[in-house]
Amino acid sequence: MPPTFDEIVASLTDAQREAVTQTDGPMLVLAGPGSGKTRVITCRIANLIHQGVRSHQILAITFTNKAAAEMKQRVAAMMPDQRIWISTFHSLGVRLLRQYADRLGLDRNFTIYDQSDRVGVVKAALKSAAIDVTRFTPETIQGAISKAKNKLLLPHQFEKQANDYFSQVVAQIYPVYEKKMRDANAVDFDDLLMWPALALTKDEEMRAELDARFRYVLVDEYQDTNKAQYEIARGLTIDHPNLCVVGDPDQSIYRWRGAELRNILDFERDYPNARVILLEENFRSTKAILRVADHLIAHNKKRKPKTLYTAKDEGSKVGALLFETGLEEADLVAQRIRQAVEAGKRHYRDFAILLRINALSRALESAFTRQRIPYQLVRGVAFFERKENRDVLAYLRLLLNPKDDLSFVRAVNEPARGIGKTSLEHLQKYAEPRELSLLAAAEHVDKIPAIRGKAVTGLKAFALMMAELRGVLEATPDEVMRQVIDRTGYRRMLKESDNPEDQERLANVEELITAAHQFHAEDESRTIADFLENITLASDVDGFDEKQDCVAVMTLHAAKGLEFPVVHMMALEQGILPHERSLMRDEELEEERRLAFVGITRAQEELYLSYARMREFRGQTLYAVPSMFLEELPQDGIETSDLSSSGGRTSPAVNTWRGSTAGASKGWYDTGFSDPKASREHERPEDDAPTGYEVGVMVHHDVYGVGCITEVSGQAALRKIKIRFSSGERSFLAAKAKLAIVQPT
DNA sequence: ATCCAGTACGTTTTT
DNA sequence: CGTACTGGAT
């Protein structure tokens, strides 16, 4: 029997209850980590409904789709059958843009470009504006445009305040970029916030309409809102200032993305009669963990101090673990996890490994695979970023939005249709002055004399095929996907390829059909367009499934809002955490410290901070300097163990390396020995005695059938090979496995 | 037009 | 170390 609403309210602390029951007027909830923030928000929503507020008058905004889904579920548990609008800022933006498309001068079928699409647009803009900048990468320029948009600066406004050379270059490209976006009927992530924000500040009629519609607005993770998001929240709550924002300045980790800590710090200025509630009691972590977190974050100067406390036990000491190398770190952390599970103390799902950068996950993946430890890498969108999947999705995007030139270029010659670089350039030259999309130009290919031969028939066939496929769009998402894969020839291309990697690509593309099917099965009203939108707006954590019994591996950013019994934070080394690019500026360094704080406060019972003496980086092994944050922890609160293979015997004191070489500022020191590849070269006599087992060779196994070798490692008796069968990947000792090489026919 | 091999290049974090 | 792009050969 679930508790009644009254029982739930009764179980809240005084501060929490006040945040839940004071529903009218502006409210700022400063919620420390683990202080029951989500509980407060969901109870507040439930309470509003309890008081008779209509569910469609409530808008709750979260940071990720996962958080939104969770919140919906928790509200539904208390107040069933209510349809409350809970979404991310970006999803809200999409809905507003589609709803008010006419008013904003947008076509309703716009495509949402992700960052890699945007880089493509910048490249195209550079090309068509004939600007040749070798000094700045398209990525950097894209980043600057993104920043401008976060600040709600349109091209002409940006130009006015472009003082340095870089900004002036960006100012030249920004309007071209915008033109291309409009021509392609595309919007980027920032547009999803910028357009609604500008509309709310400029179109009073629209603003008042929306303000009246959303009587109660709640914003989670308010410390991470940027100017555009601020204006959206503000614009919706002028006539009905029932805005409740929840956040923690100490957990602000998106400054680089335009987040303005000022938004939360100045809330009381914007809403002078705001009620401020502090949630300082932590219900998540042990005293030992909380003390470490508190001590660390106290080193930030630009900060409002607050006291964190918990009624929980002291718990075990926080462990600082030193390893010899990054590889050992991964191996031994994996081993510790496995031993705890095998001893029956823990489940795999109790563990999380938190990393500053994604690149660190490689070593872990290999350690987990070797030790047969189940894990999930929380990097949800990676699957859709594979070339083959992007290709297929490009077809779909082009079908839904024929003006999407970027997708046209991507799809038109994959599989090959004889349309090369020169033909495409001719097509572009024809289309641009005529304000035609590339697809429309392809339909007129007869009028373009410069295009000849195979390219003519190829373009015609492509245009015709797209026209035919457009008729399929009404089918279910999975059926549309299947038709696209089949009728574009994409499946055939992969199937007939003799490159073994293409068989995996085929499997991935087929997985898209399954994904579309599942998407539809969850809610039958969803279309293929919804599917595409969902993919582009998905965040990394969205794919994380805490019910699966495996170790979670993710970045510190992705971990925000989650909690785990045991947390391992890895690579606490200068240059990684804090990241080398933050070392120059105090504000960025403080953000790194907050990032560490977020990581530490994810832990409920046990926390381990690990680092290594040496770390392989970009092919060479460098000495690492322990993170300055380790020195900022209460020394009596942590227990340091040297688990390195040398046991600390041979290593000189870390301090003797400091500040001597050029690498000092970055925190890296050359170890003086060359990269491991060189030494591996010595011990590779196995290449002289070929066994026929090479990557790409097809083999037959008595049990698993035919598979393809994906990896060969080790030598002689220890030579191992990894084989991918249709049933999955398996490793064998080459000497023992009953394998026969299948001769290609 | 296409393919491949060689090189240049860069690497935080993400909706 | 890996990928992405360029320039050469076919």
Side-chain angles (χ1 to χ4, degrees), chain A residues 61-68 87-94 112-116 118-120 123 134 137-140 142-143 146 149-150 187-194 221 224-226 228-229 252-259 326 354-360 362-363 378-382 385 387 413-424 451-455 458 499 533-542 554-560 571 575-583 588 591-592 594-596 598-599 615-621 666 675-677 680:
Chain A
I61 301 170
T62 60
F63 206 66
T64 63
N65 298 298
K66 180 178 161 62
S87 77
T88 64
F89 266 111
H90 288 86
S91 307
L92 170 71
V94 173
I112 304 166
Y113 278 3
D114 66 20
Q115 62 267 51
S116 89
R118 298 176 70 172
V119 170
K123 284 181 186 166
T134 40
T137 64
E139 285 82 3
T140 320
Q142 191 277 123
S146 177
K149 290 189 169 194
N150 286 159
V187 298
D188 60 34
F189 283 139
D190 302 315
D191 290 331
L192 298 179
L193 306 176
M194 183 183 187
E221 308 283 11
D224 282 321
T225 52
N226 61 29
Q229 290 164 326
S252 168
I253 54 176
Y254 285 99
R255 203 185 94 92
W256 52 275
R257 210 169 80 180
L354 307 184
L355 313 166
R356 177 61 180 88
I357 51 174
N358 280 309
L360 291 167
R362 279 173 177 276
V378 182
R379 242 169 98 196
V381 289
E385 271 154 23
K387 184 196 173 294
N413 205 32
E414 200 72 48
R417 297 186 177 90
I419 302 150
K421 217 174 122 192
T422 33
S423 303
L424 262 185
I451 301 175
R452 273 165 300 171
K454 263 198 293 185
N499 179 351
E533 182 179 305
N534 193 276
I535 289 171
T536 20
L537 292 183
S539 69
D540 277 356
V541 265
D542 291 349
M554 67 189 89
T555 63
L556 288 163
H557 285 88
K560 189 164 74 161
I576 294 180
L577 180 64
H579 194 270
E580 65 170 278
R581 301 218 11 190
S582 71
L583 295 173
E588 289 179 26
E591 178 147 308
E592 295 289 307
R594 291 194 292 269
L595 204 42
V598 166
R615 190 166 295 273
E616 199 183 318
F617 189 69
R618 227 159 153 184
Q620 55 182 337
T621 305
K666 292 179 172 181
D675 63 307
K677 195 174 73 183
R680 221 184 294 140

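Below, read A as the first sequence line, B as the second, and so on, with proteins coming before strands; counting in each chain starts at 1.
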Across the strands shown, which category fits [X] at heavy-atom distances under 4.0 angstrom: base, sugar-phosphate, nothing?
| X | value |
| --- | --- |
| Ser582(A) | nothing |
| Ala416(A) | sugar-phosphate |
| Ser423(A) | sugar-phosphate |
| Asn358(A) | sugar-phosphate |
| Asp190(A) | nothing |

Applying salt bridge (charged side-chain N to carboxylate O under 4.0 Å, His left out), can you list everything that pairs with [X], at least two apart in sequence or on another chain?
| X | answer |
| --- | --- |
| Glu221(A) | Lys37(A), Lys560(A) |
| Arg118(A) | Asp188(A), Asp190(A) |
| Lys123(A) | none |
| Arg255(A) | Glu587(A), Glu588(A) |

Set of ring-ring contact (aromatic ring centres under 6.0 Å, His included) partners for His579(A), sequence neighbours left out: none

My understanding is that only residues two or more places apart in sequence, or in another chain, count here; which of them pass ring-ring contact (aromatic ring centres under 6.0 Å, His included) with Tyr113(A)? none

Measure the distance between the ring centre of Phe89(A) and the centre of the six-membered base ring of dT15(B), then answer whether it is under 5.5 Å with planes under 30°. no

Identify all pairs in which a protein N or O lies below 3.5 Å from an N or O of nucleotides 5-10 of chain C, and state each distance.
{"residue": "dC5(C)", "atom": "OP1", "partner": "Lys123(A)", "partner atom": "NZ", "Å": "2.6"}

Protein and nucleotides 4-6 of chain B: nitrogen or oxygen contacts under 3.5 angstrom:
none

Output all residues satisfying side-chain contact (heavy atoms from CB on, under 4.5 Å) with Ile535(A), sequence neighbours left out; order by chain, then residue number. Phe384(A), Leu393(A), Phe531(A)

